[in-house]
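Presented below is the structure to which this report refers.
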Amino acid sequence: MRTAGRRIVIVGGGFGGLHLVRRLEGRLRPGEAEITLIDRYNFHLFTPLLYQVATGELPEHAVAYPLRRATVPAGVRFVQTEVESVDLAARSIRTADGPLPYDHLVLAPGSVTNDFGIPGVREHSLQMKTLADAKAVRRRILTTVERAAATADAAERRRLLTFVIIGAGPVGVELAASLRDLIDHTLAPMYPGIDRKRDVAIVLIDGSERILPAMHPRLAGIAQRQLDHLRVRTVLRTFVSEIAGDVVHTKDGARFQGATIVWAGGIRTHPLIAALEGVPHAKDGRLIVDGSLRVGGRDDVLSFGDAAVFESQGRPLPQLAQVAVLQAPHLARELVSLVRGEPLASYHHHAKGDLIALGRTSAGAHMKRVGPLPTGDLVFGGLPAWTVWRANYLVQLLGVRNRASLFTEWTLSLLFSRMVANTP
């Protein structure tokens with residue numbers, strides 16, 4: 001039997017959905033609303049640290065937070081299922097386990113990997129989007145190193161130990177730097193027959209004019225210098241045309257051969273969002289929302305994070321976890337207002353800046369200017385930025401146990417070699 005309160009259904013347990021649940025906790029009075037969170041997994045994946053699972057710096061449990069630990073204390077019902085479609089007219093979503101009606105629907109399913117239709121990407125490259133992807137990358141790294149150590153053929157050893165990463169955004173840059181650390185400080189001592197300078201090559205390819213094109217130019221410069229120091233070869237203004245087996249072909253005719261090819265070339269709109277009819281979409285398929293994060297001005301459908309286009313200062317906000325986290329408190333207030341029939345307000349975005357990990361004890365930081373003083377943004381690198389980077393993620397991670405586990409694993413990885421057993 002239905003309760004008298006409104007039915008709020010949140011699709012997606014990523015950064016947006018999880019932080020929205022946390023911000024709704026305690027805001028609604030008993031009986032005002034019944035809140036349901038839906039996700040295909042029963043855990044929240046802390047994607048900014050996924051590359052550290054791929055390179056053995058962190059175990060997988062360090063980046064997976066049980067969603068029920070957030071939903072149960074907040075009085076939110078959690079349903080693990082796959083959302084198949086949305087029926088806007090009936091105010092119901094179709095799931096793998098049957099229909100689920102709603103009064104207010106929040107769409108935050110995140111995004112999916114974008115292969116841009118390039119032949120061979122899905123068949124011959126590894127992705128970096130899910131926990132299974134990170135584990136697959138780790139297995140490939142360790143398997144190829146093992147094979148390289150067993151061969152006497154120098155050319156074959158170099159092929160096995162060439163790692164090609166496509167995409168010089170945050171994922172590609174952080175993965176390249178961490179991979180070099182893994183090889184130099186953990187694998188090289190374990191495999192004395194491998195020359196880490198002569199045999200190992202890490203190639204980072206991107207079509208932009210510089211790495212980290214969406215971040216501050218000075219931050220990109222800090223990252224580029226560190227990658228050069230780590231002997232990561234960056235190939236810019238180069239577009240991939242095909243991946244055939246272990247060879248990456250580019251539009252200018254160049255070829256890059258390596259046993260491990262990782263695709264970090266970008267993201268696209270989630271299919272659930274792109275297929276939604278009867279609401280306004282941007283050219284890339286994302287939903288267009290108003291100042292209250294409503295889709296097409298509808299009170300019954302709202303969206304934020306990667307799934308939505310929200311313009312700030314004349315430009316759409318980027319598809320970053322930070323955006324979803326910053327929008328969540330506002331959307332929580334809007335949902336309370338909708339339930340109570342109160343006036344809505346407009347969201348104003350205030351970006352905090354960017355952080356990028358660049359190896360063992362190095363990072364880059366861009367801190368946005370706060371306040372009226374025209375001092376400019378603060379951009380710095382090295383150990384101070386690395387300290388800020390680690391402190392920031394420790395604060396963001398949910399749960400005391402998870403924070404303690406992350407701090408412990410980071411400390412052990414820094415002081416000792418990483419645990420790189422090639423388990424299934």
Side-chain angles (χ1 to χ4, degrees), residues 10-19 37-70 78-84 95-96 107-116 118 120-143 163 165-167 169-176 178-179 182 243 260-274 285 305-307 319-322 324-325 357 393 396-398 402 406 409 422-424:
I10 304 167
V11 176
F15 279 93
L18 179 61
H19 281 266
L37 175 68
I38 300 177
D39 198 276
R40 63 186 302 186
Y41 301 112
N42 70 350
F43 61 88
H44 164 75
L45 183 62
F46 199 83
T47 50
L49 297 180
L50 195 59
Y51 76 94
Q52 293 194 357
V53 176
T55 56
E57 189 168 357
L58 289 177
E60 57 195 76
H61 67 79
V63 299
Y65 183 80
L67 283 170
R68 291 185 183 274
R69 284 192 176 175
F78 173 70
V79 178
Q80 182 181 357
T81 189
E82 188 81 41
V83 177
E84 298 174 346
T95 77
L107 293 169
S111 54
V112 296
T113 299
N114 191 355
D115 61 12
F116 298 96
I118 298 172
V121 170
R122 294 187 179 184
E123 297 82 0
H124 304 298
S125 69
L126 300 168
Q127 319 296 315
M128 277 293 295
K129 189 65 175 173
T130 68
L131 192 56
D133 292 339
K135 292 165 64 177
V137 171
R138 185 179 62 201
R139 284 194 298 269
R140 175 68 65 83
I141 293 170
L142 299 179
T143 299
F163 303 88
I165 302 170
I166 303 168
V171 175
V173 169
E174 291 184 321
L175 177 62
S178 186
L179 177 57
L182 170 65
I243 301 177
T260 302
I261 301 171
V262 180
W263 180 264
I267 56 177
R268 62 181 175 86
T269 304
H270 194 285
L272 175 69
I273 299 299
D306 285 0
Q319 291 172 283
L320 298 173
Q322 178 190 138
V325 172
Y393 282 131
Q396 284 193 37
L397 208 64
L398 298 181
N402 276 41
L406 179 62
E409 293 292 345
N422 196 4
T423 57

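We use all heavy atoms of the structure for the numbers below, so side chains are in, but hydrogens, waters and symmetry mates are not. Residue indices begin at 1 and follow the sequence shown.
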Inter-residue atom distance Leu49.CG - Leu406.CG, 0.5 Å rounding: 6.0 Å
Flag side-chain contact, heavy atom, 4.5 Å: Ile273 against Pro109: yes
Minimal non-hydrogen separation, Ala108 against Gly17, with atom names: CB-N, 4.4 Å
Residue list, side chain to side chain contact (heavy atoms under 4.5 Å, CB included) with Glu82, at least two apart or on another chain: Arg40, Ala96
Minimal non-hydrogen separation, Val53 against Leu131, with atom names: CG1-CD1, 4.4 Å
Main-chain N/O of Gln52 paired to Glu57 side chain as donor or acceptor, under 3.5 Å: no
Side chains of Leu37 and Val79 in contact at under 4.5 Å (non-hydrogen atoms): no
Reference residue Phe46; test ring-ring contact (aromatic ring centres under 6.0 Å, His included); the match among Tyr51, Tyr393, Tyr65: Tyr393
Side-chain heavy atoms of Thr95 within contact of Glu84, under 4.5 Å: no
Side chains of Lys129 and Ser111, donor plus acceptor under 3.5 Å: yes
Nearest-0.5 Å distance, OG1 of residue Thr260 to CZ of residue Phe163: 5.0 Å
Atom pair CG/OG1 of Leu142 and Thr55 - distance to nearest 0.5 Å: 10.0 Å
Euclidean distance, Thr47 OG1 relative to Phe15 CZ, rounded to 0.5 Å: 4.5 Å
Considering all heavy atoms, the nearest Ile261-His124 contact: CB-O, 4.1 Å
Distance, nearest 0.5 Å, that separates CD1 of Ile10 from CG of Leu18: 10.0 Å
Listed partners of Glu174 passing salt bridge (Lys or Arg N to Asp or Glu O under 4.0 Å), at least two apart: none
Evaluation steps, side chain to side chain contact (heavy atoms under 4.5 Å, CB included), between Arg68 and Asn42: CA-CA 7 Å; Arg68 291 185 183 274; Asn42 70 350; 5.6 Å; no
Donor-acceptor pair, side chain of Asp39 and main chain of Gly13, under 3.5 angstrom: yes
Met128 vs Val137 side-chain heavy atoms within contact, under 4.5 Å: yes
Listed partners of Gln322 passing side chain to side chain contact (heavy atoms under 4.5 Å, CB included), at least two apart: Leu326, Ala351, Lys352, Asp354
Side-chain touch Ile243/Val121, heavy atoms, less than 4.5 angstrom: yes
Side-chain (His19) to main-chain (Val325) donor-acceptor, under 3.5 angstrom: no
Asn114 backbone acceptor or donor facing Trp263 side chain under 3.5 Å: yes
Thr113 and Ile267, any side-chain heavy atoms less than 4.5 Å apart: no
CZ on Arg138 to CG on Leu126, rounded to 0.5 Å: 13.0 Å
